[in-house]
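Okay, so here's the structure we're looking at.
Model, not experiment: these values are computed from the prediction.
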Amino acid sequence: MTIIDRARIESAILRYDFWLEMRGVRGSRRRDLRRELRANLAEASTDVGTTRALFGIGSPKELAFGATETDPTRPRWSQAAMAAAGVFTVVLFGCVLTAIAFTSGVEASGATGREVSGAVFPWFGVDYTAQVDPGRSYSAGAGGFGGYLLGLPLLTFVLVAQPWRLLRRGHRAAATTSSPRA
């Protein structure tokens, strides 16, 4: 088996692992499923070739969905981390674009040579400052953005991860052990 074939197999296994993680499969179970898929692909690639072996498993997403069921008691940490990173990126770009727009507004108003500060919608509690000098030098800043840069991604993380699902696991275990027997 060539290095390229091994890389193609590992790529399929990584995609399979990603979708297993999205389904809520625990780490030890994912490790066993990855090991099984790796062994099956290695054996099939020696028999029929890597391309046919990879086509034989189909989509790693469909394979992961067919191999497991969603665990409703497991928090979705990976999905929450991706969502929080997306929210952080959007807030950061929004802050930068708003600072640029505020600085352009200060320049357009003709208030050159002095520092101008103000608030801009929708960033409540954030103070923007800008200074435009006649020599075409600009300076801009924003203060009080911590609540947005940390608070919104953290809120997103908690809402997507749903850590309260862990409480259901303990509740369900207690319900199954205390059920009356006939």
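- The closest side-chain heavy-atom distance from Glu21 to Gln79 is not below 4.5 Å.
- Scored by the salt bridge (Lys or Arg N to Asp or Glu O under 4.0 Å) test, Arg52 finds no partners at all (sequence neighbours excluded).
- With a 4.5 Å cut-off on side-chain heavy atoms, Glu36 and Asp32 do not count as touching.
- Under the side chain to side chain contact (heavy atoms under 4.5 Å, CB included) criterion, Arg6 pairs with Met1, sequence neighbours left out.
- You'll find the side chain of Val25 stays beyond 4.5 Å of the side chain of Trp19, heavy atoms only.
- Listed by chain and residue number, Arg8 satisfy the salt bridge (Lys or Arg N to Asp or Glu O under 4.0 Å) test with Asp5 (two or more places apart in sequence, or in another chain).
- Each ring pair (Phe, Tyr, Trp, His ring centres under 6.0 Å) pair with one or both residues in residues 79-107, not counting sequence neighbours, appears once here: Phe102-Tyr128.
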Under 3.5 Å, which donor-acceptor pairs link side chains of residues 142-155 to any protein atom two or more places apart or in another chain?
residue : atom : partner : partner atom : Å
Tyr148  : OH   : Phe124  : N            : 2.9
Tyr148  : OH   : Phe124  : O            : 3.0

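- Taking the side chain to side chain contact (heavy atoms under 4.5 Å, CB included) definition, one finds that Leu37 meets it with Ile13, Tyr16, Leu41, Ile57, Leu63, sequence neighbours left out.
- Under a hydrophobic clustering in which Ile, Leu, Val, Met, Phe, Trp and Tyr are joined whenever their side-chain heavy atoms come within less than 4.5 Å, directly or via other members, Phe121 and Leu92 fall into the same cluster.
- Phe18 and Leu20 fall into different hydrophobic clusters, defined by Ile, Leu, Val, Met, Phe, Trp and Tyr side-chain heavy atoms under 4.5 Å apart, directly or through other members.
- Side-chain contact between Lys61 and Arg15: absent, with no pair of heavy atoms (C-beta onward) separated by less than 4.5 Å.
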